[in-house]
Amino acid sequence: MFLGCIGDDFTGSSDLANTLAKGGMRVVQYSGVPSTDADASVEAGVVALKSRSIDPADAVAQSLAALEWLQAQGCTQFFFKYCSTFDSTAEGNIGPVAEALAQRLGSKKVIVCPAFPGTGRSIYMGHLFVNDVLLSESGMQNHPLTPMVDADIRRWLRPQTKLGVGHVAAQEVLQGSGAIKAGLAREDAAGNSLIVVDAMADPDLLEIGKAVADLPLITGGSGVALGLPANFAASGAISGEGATWRGQAGKCVAMSGSCSVATRGQVALHAKTNPVFEIVAEEVIEGRLTAQMVCDWAMAQDGIPLAYSSADPEVVKDVQAKFGLENAAGAIEGFFADLTGALVAAGVERLLPAGGETSGAVVEALGLTQLEIGPEIDPGVPALRAGSDLVLALKSGNFGAPDYFAKAAEILGQNP
Ligand SMILES: Nc1ncnc2c1ncn2[C@@H]1O[C@H](COP(=O)(O)OP(=O)(O)O)[C@@H](O)[C@H]1O
Ligand SMILES: O=C(O)[C@@H](O)C(=O)COP(=O)(O)O
């Protein structure tokens with residue numbers, strides 16, 4: 001294994017794995033830190049954690065454990081993957097984890113680059129945009145767990161870390177990898193170890209990729225990974241062949257716990273031609289609705305049944321005010337975990353969870369240890385094989401075309 005990656009959630013990890021696989025690397029996504037060594041054929045390993053919204057000290061401990069395992073697999077470069085919308089709070093967990101990994105690796109020029117132009121995320125003058133609006137006006141200001149109310153990534157990161165936060169701006173990035181390297185050296189000399197790097201389009205990310213070829217630690221969204229396979233190919237380390245994919249045609253069920261603008265749109269479109277079931281948070285928390293009830297409903301439906309708790313920001317705020325944020329999130333995630341167990345026991349072969357935390361709950365419920373990366377469904381969302389008769393796709397709340405659920409069901413069933 002050459003490239004060792006640590007993802008702070010399960011959807012984000014599959015997003016990164018997708019980019020590396022498309023770049024020709026043999027990638028495996030692990031759920032949590034594996035207890036055994038990786039297969040010798042793996043070129044990039046992605047350890048998926050569910051550490052985005054947990055206590056910062058736990059996130060640091062889990063990330064360092066992942067780092068140690070990846071080091072033991074022979075990795076020479078490490079990648080801390082977080083969300084392209086920089087999901088975090090003043091407490092963390094991006095700053096604390098990046099700082100701990102940097103200290104452990106003795107790494108100083110650590111880039112911070114959540115850009116993912118393929119899904120509309122770009123960074124200009126340290127500010128993160130989603131398409132043509134600032135992050136803080138994109139809907140992410142209403143995120144149930146990590147409301148992103150400031151688009152200036154430098155200002156958002158500073159309270160999260162003791163390390164100096166620097167910036168390599170667009171003018172330097174546009175001049176290519178040499179200028180980016182020079183910018184990183186300047187920030188390092190100024191005592192800034194976490195360096196936000198602007199990136200507006202894929203060619204910028206390819207230049208950034210070249211500039212970081214020799215650095216031990218990279219942090220960012222999956223966009224930065226665009227340029228990394230070429231670095232390993234240039235050194236002759238990887239074959240460039242990737243892996244093969246086998247689909248699964250059995251019963252397919254979708255479930256959504258994401259309350260993002262994109263997912264709510266996908267749920268609404270899917271509901272026009274498929275059976276849907278609204279999971280009302282109060283009914284779950286007060287024990288009036290069980291996972292088995294929803295499973296029985298899904299198994300009796302034709303088409304691609306979708307069970308969702310996705311709700312408008314006002315509804316989410318009311319639920320959180322009544323039951324508490326963590327309590328509400330935990331109850332709904334637990335519900336989706338139970339639903340997953342019931343569905344798989346009932347014979348479901350294709351699962352479509354939507355939402356990062358939701359997908360984490362699904363993968364943990366299944367006790368999956370590793371996932372094989374398949375074809376891309378939509379930017380940032382690959383098909384995944386979880387076992388001999390189970391395939392799934394972990395959709396980030398913000399990702400996917402309006403007809404994502406139907407498209408994903410089809411691709412999971414295909415044999416290219
Ligand atoms: N109706 C609801 N009320 C309150 N919280 C909700 C509701 N539906 C989902 N949630 C919680 O909101 C969070 C959504 O996060 P996540 O699944 O990561 O989606 P995204 O990918 O959009 O961030 C989860 O913790 C989920 O349990
Ligand atoms: O970078 C991204 O946007 C995704 O890879 C990601 O991390 C998704 O997180 P969720 O939106 O919580 O699913």
Side-chain angles (χ1 to χ4, degrees), residues 5 7-19 29 46 48-54 80-88 94 113-121 128 130 135 138-140 142-148 219-225 255-267 278-285 289 307-337 339 353-363 378-382 393-400:
C5 310
D8 72 351
D9 83 343
F10 286 68
T11 46
S13 296
S14 70
D15 170 15
L16 174 61
N18 179 52
T19 304
Q29 175 170 337
V46 184
L49 302 175
K50 199 170 178 298
S51 56
R52 185 174 290 174
S53 300
I54 62 176
F80 170 38
K81 159 72 178 68
Y82 40 76
C83 197
S84 62
T85 44
F86 212 65
D87 299 17
S88 53
I94 295 176
C113 186
F116 187 0
T119 57
R121 282 83 160 130
L128 183 52
V130 176
L135 173 68
S138 68
M140 282 304 292
N142 296 318
H143 190 279
L145 307 176
T146 48
M148 298 301 293
T219 85
S222 64
V224 178
M255 56 183 108
S256 174
S258 166
C259 300
S260 74
V261 177
T263 304
R264 283 184 285 132
Q266 290 154 354
V267 169
E278 182 177 5
I279 297 167
V280 176
E282 274 96 337
E283 293 183 10
V284 169
I285 299 167
L289 182 71
Y308 68 96
S309 69
S310 314
D312 293 348
E314 299 71 41
V315 176
V316 173
K317 278 195 187 102
D318 285 351
V319 169
Q320 292 179 336
K322 195 165 167 197
F323 300 103
L325 183 153
E326 282 179 18
N327 198 23
I332 296 166
E333 288 172 35
F335 187 90
F336 280 117
L339 177 58
E357 299 297 322
T358 308
S359 297
V362 166
V363 171
D378 270 324
V381 193
L394 310 177
K395 191 192 84 70
S396 150
N398 295 320
F399 287 176

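No experiment lies behind these values; they were computed from the predicted model shown. Read the numbers this way: they start at 1 and go in the same order the structure lists the ligands and their atoms.
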Show the atoms of ligand 1 that are less than 4.0 angstrom away from any heavy atom in [X].
| X | value |
| --- | --- |
| C259 | 7 (C), 8 (N), 9 (C) |
| A311 | 1 (N) |
| P144 | 12 (O) |
| G356 | 16 (P), 17 (O), 18 (O), 19 (O), 20 (P), 21 (O) |

Which atom pair, heavy atoms only, marks the closest approach of [X] to [Y]?
| X | Y | value |
| --- | --- | --- |
| S258 | T358 | N-OG1, 4.1 Å |
| N398 | S260 | OD1-CB, 3.4 Å |
| S84 | L128 | O-CD2, 3.4 Å |
| S309 | G257 | OG-CA, 3.5 Å |

Which residue and non-hydrogen atom of the protein lie closest to [atom], and at what distance in Å?
| atom | answer |
| --- | --- |
| atom 5 (N) of ligand 1 | I332 CD1, 3.7 Å |
| atom 12 (O) of ligand 2 | R52 NH1, 3.0 Å |
| atom 25 (O) of ligand 1 | E333 OE2, 2.6 Å |
| atom 11 (O) of ligand 2 | S396 OG, 3.0 Å |
| atom 11 (C) of ligand 1 | G257 O, 4.1 Å |
| atom 8 (N) of ligand 1 | S309 OG, 2.8 Å |
| atom 18 (O) of ligand 1 | E357 N, 2.7 Å |

T263-K395 side chain donor-acceptor pair, cut-off 3.5 Å: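 On atom types as modelled, these side chains qualify, holding a pair under 3.5 Å.
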Keeping the roles fixed (side chain from [X], backbone from [Y]), state whether a donor-acceptor pair exists under 3.5 Å.
| X | Y | result |
| --- | --- | --- |
| E357 | E333 | no |
| T11 | L394 | no |
| Q29 | F10 | yes |
| D9 | G12 | yes |
| S88 | F86 | yes |
| Q266 | G400 | yes |

Before signing off on this row, confirm whether [X] and ligand 1 have an N or O atom pair separated by under 3.5 Å.
| X | answer |
| --- | --- |
| H143 | yes |
| N398 | no |
| A281 | no |
| G397 | yes |
| T358 | yes |

Structural part of F116 in contact with ligand 2, heavy atom criterion under 4.0 angstrom: neither
Between [Y] and [X], is there a side-chain heavy-atom distance shorter than 4.5 Å?
| X | Y | result |
| --- | --- | --- |
| F323 | E282 | yes |
| L135 | R121 | no |
| T219 | Y82 | yes |
| L289 | I279 | yes |
| F399 | D378 | no |

So is there a nitrogen or oxygen of [X] less than 3.5 Å from a nitrogen or oxygen in ligand 2?
| X | value |
| --- | --- |
| F399 | no |
| T85 | no |
| D9 | yes |

For ligand 1, the portion of L145 having any non-hydrogen atom under 4.0 Å away: side chain
Under-4.0 Å heavy-atom contact with ligand 1, by part of Q320 that carries it: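 Neither; no heavy atom under 4.0 Å.
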From the candidates S260, S258, A329, the one that places a heavy atom nearest atom 20 (P) of ligand 1: S258
With heavy-atom distances below 4.0 Å as the criterion, list the atoms of ligand 2 near [X].
| X | result |
| --- | --- |
| D15 | 1 (O), 2 (C), 4 (C), 5 (O) |
| S84 | 1 (O), 2 (C), 3 (O) |
| K81 | 1 (O), 2 (C), 4 (C), 5 (O), 6 (C), 7 (O) |

Heavy-atom gap G397 to ligand 2 smaller than 4.0 Å: yes
Within-shell test, K395 vs ligand 1, heavy atom, strictly < 4.0 Å: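 No, that is not the case, since the closest heavy atom of the residue is not under 4.0 Å from the ligand.
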